[in-house]
Amino acid sequence: MPRRGLRQSLRPYGRSIFSEMSLLSAKHDAINLGQGFPDFDGPEEVRAAAAAAIHHGPNQYSPLAGLPELRHAIAGWYARWYDVAVDADHEVTVTNGCTGAIGDAMLGVLEPGDEVLLIEPWYDSYPASVVMAGGVCRYAKPTSPDYRVDRRTLEAGVTPKTRMLMVNSPHNPTGRVYDESEWNVIESFCVDHDLILFSDEVYETLVFEGTHRSALSRPRLRDRSIVASSVGKTFSLTGWKIGWTVASPPLTEAIQGAHQFTSFCVATPLQVGAAAALKLPDSYFEGFLRGYRSRREQLVRGLRSIGLTPILPQGTYFTLVDLAPLGIDDDRVFCERLTRELGVAAIPTSAFHEDGRSGPIRFAFCKQPEVLDQAIERLSKIDQLLP
Ligand code: GLN
């Protein structure tokens, strides 16, 4: 009788913390500031474009690289915001969200035993995707509360077997936006060690302080980078799962070599909608950022008003609250109690550390202002949970 159940190498990753906390949140009818998804939907005209495609087509498979219309819109996006030329026919792959992009890239590029350097705290699908592709994770560990990336921190994790570095800026969950000096470090590190750079840029339009720098805009990284993004965050359409990679033709060929067998292509009518989204006028992006700036202030101010010390994130829709000053040493248990006893869900960042040590907890502010107010009101009783 064959052994049934999850393969050994995936067992350490258990169930994604996002699913776990969302389930717990639903069970206790809590306000879910855990898993990052907006409680409002993306622009009407974008949804209308997808709906029209469902009604009138196209509804059949797209080419495996993605609908030409969307691939050209993606190339147009990089020209528009970063002044970078992208070849829509040889450098773009439309994927099942950015998570799909990560999976396809790992499967297409890694040989068994190749090492991938991850920066702590990482996004939860990174290590699991590396392992599913037969790779081995290595870790670089910048220190809190700044989480700055410097050369020494990266060097500590690299070996002759390292093939890839993964970065994420704006960074989930720390809210950091890497500055020019950090990008210089990343660039020279990748060049000196001859690494592929996987740059997860899904929060690219959520920058409150500083500017987003795309790996694609750095000539020395252009050919060795896989840049991934999606419409989920920027257009409040996380359930569409439309993402993409942009990479030089040989890397794109490798990604597509895997993508054709993991999913072949993604939902065609939603690709039509995604193309419409990427072409929205500047006014959409201005309003989008204005709304998020105000939600950021609201949540951070609210958390401070009840005696907590959230960081003011430079980017993303998350803020971190350090628990150590509160005398709490188990972030997971604390998040469970917050959900059960106060009715607010958050994410324990221990899930994003190699040794699983307790860390700050993450609150998402991609919610309506009245929901954020209600969450603060519930959290004001936090003293009840403190030792
Ligand atoms: N990116 C989202 C977050 O960080 C979660 C996405 C997911 O649950 N897979 O909260």
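Counting starts at 1 for both ligands and their atoms, in listed order. Only a predicted model underlies this, so the values are computations on that prediction, with no experimental measurement involved. The basis for the numbers below is simple: all heavy atoms, side chains too, and nothing from hydrogens, waters or symmetry mates.
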Any idea which part of [X] is under 4.0 Å from ligand 1, heavy-atom wise: side chain, backbone, both or neither?
{"X": "Arg362", "value": "side chain"}
{"X": "Tyr203", "value": "side chain"}
{"X": "Thr238", "value": "neither"}
{"X": "Met21", "value": "neither"}

Quick one: does Phe318 get within less than 4.0 Å of ligand 1, heavy atoms only? yes
Indicate, with yes or no, if the rings of [X] and [Y] have centres closer together than 6.0 Å.
{"X": "Tyr317", "Y": "Tyr203", "value": "yes"}
{"X": "Phe285", "Y": "Phe235", "value": "yes"}
{"X": "Phe318", "Y": "Phe363", "value": "no"}
{"X": "Tyr123", "Y": "Phe18", "value": "yes"}

Polar contacts were defined as any N/O atom of the residue lying under 3.5 Å from an N/O atom of the ligand; does this apply to Gly34 and ligand 1?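 It does not: no N or O of Gly34 is found under 3.5 Å from an N or O of ligand 1.
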Taking ring-ring contact (aromatic ring centres under 6.0 Å, His included) as the criterion, tell me which of Tyr82, Trp183, Trp81 meets it with His212.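 Output: one option passes, namely Tyr82.
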Find all atoms of ligand 1 within a distance of less than 4.0 Å from any non-hydrogen atom belonging to Lys233, and give their numbers and elements.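 Result: 1 (N).
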So which heavy atom in the protein is nearest atom 8 (O) of ligand 1, and how far is it from that ligand atom? Gln35 NE2, 2.6 Å
Protein residue, atom and distance nearest to atom 9 (N) of ligand 1, heavy-atom basis: Tyr123 OH, 3.2 Å
Validate the cation-pi geometry between Arg296 and Phe365: distance from NZ or CZ to the six-membered ring centre under 6.0 Å, angle to the ring axis within 45°. no
Can you tell me if Trp77 and Glu204 form a side-chain donor-acceptor pair at under 3.5 Å? yes
